[in-house]
Amino acid sequence: MQELLLDVHRRLAERYIHLKWWPADTDFEMACGAILTQNTNWRNVEKAIAGMKDGGLMSPEAVLSADYEFLKECIRPSGYFNQKAERLVILSRFILDLPGGTISGLAEYPAERAREMLLDLKGVGEETCDSILLYGAGFPVFVVDAYTMRVFTRLGILESKKYGEYQRMFMDNIEPDAELYGMYHGEIVEHAATVCLKRSPKCGECVLAEICERKGVAES
DNA sequence: AGCCAGGCCTGCC
DNA sequence: GGCAGGCATGGC
């Protein structure tokens, strides 16, 4: 399994080259992006992030002191703005209470504790939590999302709907390495979102075609 | 014109 | 513990 997972990574890395994934100027912007991208196309998230910046809201202090309706207007393009505005406020308050008042302050805690703290926040589920832990605070936790499940189910590597099972598959077989985990997850998203395996897979055209064939996955 | 997007919560069973 | 329904906008 370890060899297979690293093989997929190598093939993706050859095709999708990026220095550091999860584009964001600050860890706060990264964390906001994690909220804003919930069930939402990244193109719309970019508009909302730009909206927050234009509105002068790209800091936890600014979010907390802003007019609530104005905050909603700024993030409107990302959809679900009523829920997401509340989640941004909750997240901002949480961040200011961390050591140093920043997301990176989470690194003061053991990974398990930091994960619990984030999951306790209303509006932060497993994917949002792990994204922040990995890309915001540098913990070596593997992020699983809809793309990850779709790709690895499609490859015939793991048939499951459970977040934890996918995460364990990666973390039990690949050494903890935040840099590697971040790259790998980024490659999966780039691959699934831009080229292949969106809804109707055409494995014959993608860099994972050989693996599809080896696993006996039919092209369609 | 629909269908979909880098989820999560609530309320039911 | 699993599963439907709701949340909202913009792109293709």
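A note on names: the letters A, B, ... follow the listed sequences, proteins ahead of strands, and every chain is numbered from 1. A quick note: this is a predicted structure, and the numbers were derived from the prediction, not measured.
Residues from residues 73-85 of chain A that place a heavy atom under 4.0 Å from any atom of DNA chain C, listed by number: A/R76, A/P77, A/G79, A/Y80, A/F81, A/N82, A/Q83. Proximity of residues 158-171 of chain A to DNA chain B (heavy atom under 4.0 angstrom from any strand atom) is not detected for any residue.
As rounded to the nearest Å, C/dA8 and B/dG2 have P atoms that lie 23 Å from one another. Comparing the P positions of B/dA1 and C/dC7 gives an interatomic distance of 24 Å, to the nearest angstrom.
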From CA spacing to verdict: side chain to side chain contact (heavy atoms under 4.5 Å, CB included), A/V144, A/E165: CA-CA 10 Å; A/V144 176; A/E165 290 189 23; over 6 Å; no
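If you measure from atom CD of A/Q38 to atom P of C/dT9, you get 17 Å, rounded to the nearest angstrom. We find that CZ of A/R87 is positioned 11 Å from C1' of B/dT10, with the value rounded to whole Å. A/D120 has its CG atom 14 Å from the P atom of B/dC8, to the nearest Å. The separation between A/E127 atom CD and B/dA5 atom P is 13 Å, rounded to whole Å. Protein atom CG of A/L91 is 17 Å distant from nucleotide atom P of B/dG7, rounded to whole Å. Spacing between atom CH2 of A/W42 and atom P of C/dG11 amounts to 16 Å, rounded to whole angstrom units. Rounding to whole angstrom units, CG of residue A/N41 and P of B/dG2 are separated by 21 Å. Taking atom CG of A/L36 as the reference point, atom P of B/dA5 lies 18 Å away to the nearest angstrom.
Hydrophobic clustering (ILVMFWY, side-chain heavy atoms < 4.5 Å, transitive): A/L208 and A/M1 are in one cluster. Following chains of ILVMFWY side-chain contacts shorter than 4.5 Å, one can reach A/Y68 starting from A/L121, so the two form part of one hydrophobic cluster.
A/Y184 places a side-chain N or O within donor-acceptor distance of the main-chain N or O of A/L5, the cut-off being under 3.5 Å. Checked by atom type and distance alone, the side chain of A/T40 pairs as donor or acceptor with a backbone atom of A/S78 at under 3.5 Å.
In this structure, CD on A/Q38 lies 6.5 Å from NZ on A/K84, to the nearest 0.5 angstrom. Atom CZ of A/R154 is separated from atom CD of A/E159 by 10.5 Å, given to the nearest 0.5 angstrom.
Taking the side chain as every heavy atom from C-beta outward, A/W42 and A/V189 never approach each other to under 4.5 Å. A/Y166 places a side-chain heavy atom less than 4.5 Å from the side chain of A/T153.
Contact annotation for A/V124: backbone-only contact, meaning every heavy-atom pair under 4.0 Å involves sugar-phosphate atoms and none involves a base.
Remark: B/dC4 base-pairs with C/dG10; criterion is Watson-Crick or G-U wobble with both hydrogen-bond distances under 3.5 Å.
Comparing A/G123 and A/S131 against DNA chain B, the residue whose closest nucleotide sits nearer the 5' end is A/S131. Map A/T40 and A/R43 each onto its nearest nucleotide of DNA chain C; the residue landing nearer the 5' end is A/T40.
A close approach under 4.0 Å does not occur between any side-chain nitrogen or oxygen of A/R150 and OP1 or OP2 of B/dC4.
When the shell of 6.0 Å around NZ of A/K53 is examined, it contains more than 12 heavy atoms from other residues, nucleotides or ligands.
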